[in-house]
Amino acid sequence: MPAFSLDPAQTAWCAELRTLAEERLRPLAEKGEPGHVNRALVAELGRLGLLARLFTSGALDLCLMRESLAHGCTEAETALALQGLGAHPVHAYGTRAQREHWLPRVADGSAVAAFALSEPGAGSDAAALALRADRDAARAPTSAPAPGEAAPAARGASSAASGTAPGAVPEASGVAPAAPGALPADPVPSVAEAQGPPVAERAGWGSWRLSGEKCWISNAPEADFYTVFARTTPGAGARGVTAFLVPADRPGLTGTPLDMLSPHPIGALAFDAVPVTADDVLGEPDRGFRVAMHTLNLFRPSVGAFAVGMAEAALAATLTHTAGREAFGGRLKDLQTVAHQVAEMALRTEAARLMVYAAAAAYDEGAPDVPRRAAMAKLLATETAQYVVDAAVQLHGARALRRGHLLEHLYREVRAPRIYEGASEVQRAVIAKELYASVEAP
């Protein structure tokens, strides 16, 4: 792995984003109501051009945005990430009509997106989805593809960057992890290839009724549209799932907010025979699991970037505190136990940052080992951030647990990323699976 460093333009841009987060975004975040979409904050992200950048950036650019915003305003980072996470499947797999209708509104902050994958019984095991997409008998297809068969004018995925996660909790964000045994990645196609077959060719796909539940979906129930994954072929595992773009006003779709530790909105969705047609499909019938996995491979490193941003903020606060705090006849920084603890926090944070950047660069280069690198980056960065924030709280003492303190806020925020978009245990399973895939049994 080559040494990694940012060029001067990237470094300057990160500094600019930190300033924007602190001076323009944090005041809006503080005016928001916990547990609800902060539309003023989302709109400001649109005015600053950050949401539009989700669809023109690579994975590294996405990581730099999330890390920099997280350092100054975690709410802004999460709002940006959730817009990208919910809209990336539309950008990468949507038809021209889907893209032209929704993406400009996501980019200017007037429409809120959500990624609806997780269910009460299918979080880490994303292939166990139970939300049913039953064929609509009243509008039966003229020539539906056979179960597991590629649909007309099959196409691949696309590699545009659009935002996560995090902040979502899929287990708290609707974002489920790539389980062991997940389908292999498709080649990454161009945006032109991601327009999909003409409506005339989609006519044979028919229409469906969605019935069941989704849970732990970030931005639910307040989003304007959802990327929904439903089972179109029973008993087919990962190969029988289809991705749909479902507007929030579709009849039969209702939602309930969930009271969570995280301050951003998370809810449950109920589907009571919600109608969807071929025009709502993202990608191809029975190939929706690939849509989910491609999205997660992009966002996993940037979840790590979110975590790194929080760790950096906690480390900066700790350096200031221990350099100025007087105790035991001197400054805290003069105590070897404290200095060594701070050194360990800095060491782990820097290691996680470099692994995140390397994983993002691998994604942008189309490297074959992206799933392993992405899993490693998310695992190391989220576990590191938990360690760093916890250590920072310990060195600050009781003041860090007071409501409104930066570390009290980070302490609540840092826990969820170890779960959503693939829990740490799942990341280890993905890493091991990728490692053993190249080893021949004796």
Side-chain angles (χ1 to χ4, degrees), residues 1-7 10 53-67 81 84-85 88-89 91-93 126 155-166 175-194 238 283 287 289-308 350-384 421-422 424 426-440:
M1 181 185 303
F4 199 100
S5 62
L6 301 179
D7 62 38
Q10 289 172 314
R53 191 157 181 160
L54 290 169
F55 306 118
T56 60
S57 300
L60 179 58
D61 206 37
L62 176 59
C63 286
L64 297 182
M65 282 196 288
R66 294 189 69 174
E67 177 188 343
L85 185 66
H88 176 72
H91 174 68
Y93 292 88
R155 56 193 167 89
S158 154
S159 78
S162 99
T164 81
V175 185
L183 297 179
D186 285 334
V188 176
S190 66
V191 172
E193 293 175 306
R287 293 173 67 85
F289 198 68
R290 296 181 187 274
V291 177
M293 292 304 105
H294 276 290
T295 302
L296 294 177
N297 280 339
L298 169 63
F299 277 89
R300 279 182 176 148
S302 72
V303 174
F306 172 41
V308 168
E350 181 69 1
R353 185 178 69 86
L354 292 174
M355 180 165 278
V356 165
Y357 290 178
Y363 183 97
D364 289 339
E365 294 166 2
D369 57 351
V370 167
R372 175 177 62 83
R373 285 180 179 269
M376 285 182 168
K378 181 185 184 293
L379 175 63
L380 179 64
T382 56
E383 294 288 339
T384 293
E421 296 190 42
S424 292
V426 171
Q427 302 309 325
R428 293 185 174 95
V430 171
I431 294 166
K433 174 178 175 288
E434 293 293 321
L435 290 172
Y436 282 114
S438 60
V439 176
E440 296 183 4

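Keep in mind that what you see is a predicted model, and the values were worked out from it rather than measured.
Residues meeting the salt bridge (Lys or Arg N to Asp or Glu O under 4.0 Å) test with Glu350, sequence neighbours left out: Arg353. With sequence neighbours excluded, no residue forms a salt bridge (Lys or Arg N to Asp or Glu O under 4.0 Å) with Glu434. With sequence neighbours excluded, the residues that form a side-chain contact (heavy atoms from CB on, under 4.5 Å) with Ala381 are Ala307, Val308, Ala352, Val356.
Taking each heavy atom of Ala360 and Pro301 in turn, the nearest pair found is N-CB, 4.3 Å. The minimum heavy-atom distance linking Ala362 with Val370 is given by the pair O-CG2, 3.7 Å. Across all their heavy atoms, Ser424 and Thr382 have their closest contact at OG-OG1, 4.3 Å.
Distance CG/Leu60 to CE/Met65: 10.5 Å, rounded to 0.5 Å. Atom OG of residue Ser302 and atom OH of residue Tyr363 lie 10.5 Å apart, to the nearest 0.5 angstrom. Between Thr295 atom OG1 and Arg300 atom CZ the span is 11.0 Å, to the nearest 0.5 Å. Taking CG of Leu62 as the start and CZ of Arg53 as the end, the distance is 10.5 Å to the nearest 0.5 Å. Here the straight-line distance linking atom CZ of Arg290 with atom CG of Asn297 works out to 12.0 Å at 0.5 Å rounding. Arg372 contributes atom CZ, which lies 13.0 Å from atom NZ of Lys433 (distance to the nearest 0.5 angstrom).
A donor-acceptor contact shorter than 3.5 Å is absent between the side chain of Glu67 and the backbone of Leu64. Using a distance-only test at 3.5 Å, with no hydrogens or angles considered, no donor-acceptor pair links the side chain of Lys378 to the main chain of Gln427.
For residues 358-367, no pair satisfies salt bridge (Lys or Arg N to Asp or Glu O under 4.0 Å), with sequence neighbours left out.
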